[in-house]
Chemist: 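First, the structure itself, so that you have it in front of you.
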Amino acid sequence: MAVPLARRAMLAGLAAIPLAGAALATRPALARGAGALKTAAAQGNRFFGSAARIDQIDREPELRAAILRDCSYLTPETDLKWAALEPQRGELNLRPADDLANFALRNGLRLRGHTLLWHKSVPAWAADQLAVKPDWQLIERYFASVMPRFGDAIDQWDVINEPIETGHRMDGLRPDIFLQAFGPDYIARALRAARLFAPHGLLMINEFGLDYDIPIEQDRRYLLLRLLEKLKRSEVPLDGLGIQAHLDLTKGPFSEKVFEDFLRQVAALGLRIVVTELDVREADLSAPLARRDRAVADLTRRYLDVALAQPAVIGVSCWGLSDGNSWLRAGHSSGEPLNRGLPYDEAFATTPMYGAIRDAFLAAPPRI
Ligand code: XIL
């Protein structure tokens with residue numbers, strides 16, 4: 001369940017009060033206007049959050065300050081993924097996730113549980129075992145070892161991550177280890193199992209490639225909608241859809257109408273929606289900085305204006321807060337310009353994208 005309005009406003013307020021003075025003294029001036037992202041989000045009864053890693057928070061005081069200033073939710077970037085949690089069978093490495101959860105709790109933040117079943121994060125031993133002898137108990141044991149531990153600190157779970165891949169099957173399901181082991185029913189089974197361990201959590205499917213008006217993403221939206229419909233028809237405990245929103249300036253066009261229709265169809269199924277992993281990949285890193293930043297901010301604003309007009313959208317989370325920590329940095333060689341696709345740049349100055357996110361929250365019709 002989402003955090004009720006009163007509680008959410010209280011969390012945002014409590015976290016903001018002790019920080020305001022320190023934040024103003026040390027932070028660069030905001031791009032436009034004033035106010036932190038979580039505060040702008042809370043005005044419309046929504047949340048703002050970011051992916052985070054506790055090792056980075058511990059190392060970088062600016063990151064820590066930016067998180068405390070802007071976020072009411074954190075998503076563990078890697079520490080809750082199966083391969084990170086249980087690299088060897090039965091040897092749970094819960095320390096980083098615990099530390100992040102403690103940081104969140106101490107500071108009045110909530111966590112998104114990311115993610116239980118993801119084809120890219122299955123420990124080798126589990127993949128081997130599932131290939132030889134599909135045993136659902138393996139999945140249940142894993143859920144049991146992770147989910148209850150965090151109680152209500154985690155109130156949203158990405159139970160299934162990235163289940164759709166076109167080009168294989170009529171139903172669009174990705175032919176991953178879970179499908180191979182348990183058949184297409186693995187999604188319903190996982191959601192039912194997750195409900196037992198998180199009776200009050202918002203149980204979600206999280207997916208990418210849903211944003212643009214291009215044939216492959218049209219297909220992905222279509223196939224995902226059929227999956228969501230089927231699950232709801234079968235009364236599977238599914239509460240929400242996470243839209244990753246890894247935007248990309250080399251892709252397009254983005255159509256307001258197409259995206260709005262998609263959100264409306266998801267909402268009509270009674271599902272909540274979260275923009276879970278927002279960032280923007282740039283097209284031309286050699287263009288003048290102001291033009292680059294404007295392109296990123298403009299796309300962000302267009303995208304969020306549509307998303308936040310849909311009352312089912314309860315919040316937005318970026319995939320990292322600053323370009324210095326972004327996963328888009330992978331493969332970057334020193335000397336090249338860094339991708340600028342997050343609310344803070346590498347030096348922790350706010351980017352025009354910061355202003356775009358805040359302005360979109362402030363302009364959106366409040367959720368009731
Ligand atoms: C990425 C992390 O950012 C990387 O650090 C990690 O190596 C791989 O995973 N979609 C998701 C996220 O759902 O979990 C991925 O995160 C990015 C794409």
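Starting from 1, each residue takes its place in the sequence as its number. We count ligands from 1, going down the list as the structure has it; atoms in each ligand are counted the same way.
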Chemist: Which residue owns the protein heavy atom closest to atom 10 (N) of ligand 1, what's the atom, and how far is it?
Modeler: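 Ranked first by proximity to atom 10 (N) of ligand 1 is Glu277 OE1, 3.0 Å.
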
Chemist: With heavy atoms only and a cut-off of under 4.0 Å, state how Thr115 meets ligand 1: side chain, backbone, both or neither.
Modeler: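 The answer is neither; Thr115 stays 4.0 Å or more away.
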
Chemist: Just distances here: any N/O of Trp327 and N/O of ligand 1 closer than 3.5 Å?
Modeler: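 Checking ligand 1 against Trp327, no N or O pair falls under 3.5 Å apart.
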
Chemist: Is Trp319 in contact with ligand 1, taking contact as a heavy-atom separation below 4.0 Å?
Modeler: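 Yes, Trp319 has a heavy atom closer than 4.0 Å to ligand 1.
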
Chemist: Using a 3.5 Å distance criterion without hydrogens, assess whether the side chain of Arg69 forms a donor-acceptor pair with backbone atoms of Arg64.
Modeler: no

Chemist: In a check of ring pair (Phe, Tyr, Trp, His ring centres under 6.0 Å) between Trp136 and each of Tyr142, Phe178, Phe143, Phe182, which one passes?
Modeler: Phe182

Chemist: How long is the span from the CZ atom in Phe348 to the CG atom in Leu63, to the nearest 0.5 Å?
Modeler: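 If I round to the nearest 0.5 Å, the distance is 4.5 Å.
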
Chemist: What distance do Ser145 atom OG and Leu85 atom CG have between them, rounded to the nearest 0.5 Å?
Modeler: 7.0 Å

Chemist: So, for Ala312 and Ala267, which heavy atoms are closest and what is the spacing to 0.1 Å?
Modeler: CB-CB, 3.6 Å

Chemist: So which heavy atom in the protein is nearest atom 5 (O) of ligand 1, and how far is it from that ligand atom?
Modeler: Glu77 OE2, 3.0 Å

Chemist: Centres of the Phe48 and Tyr73 rings: under 6.0 Å?
Modeler: no

Chemist: Using a 3.5 Å cut-off on N or O atoms only, is Gln244 in polar contact with ligand 1?
Modeler: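 Between Gln244 and ligand 1, an N or O pair is found under 3.5 Å apart.
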
Chemist: Select one of side chain, backbone, both or neither to describe which atoms of Glu162 lie under 4.0 Å from any atom of ligand 1, heavy atoms only.
Modeler: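 Only the side chain of Glu162 comes within reach of ligand 1.
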
Chemist: Taking atom 13 (O) of ligand 1 as the reference point, report whether a protein heavy atom occurs under 4.0 Å from it.
Modeler: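 So atom 13 (O) of ligand 1 has protein heavy-atom neighbours under 4.0 Å.
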
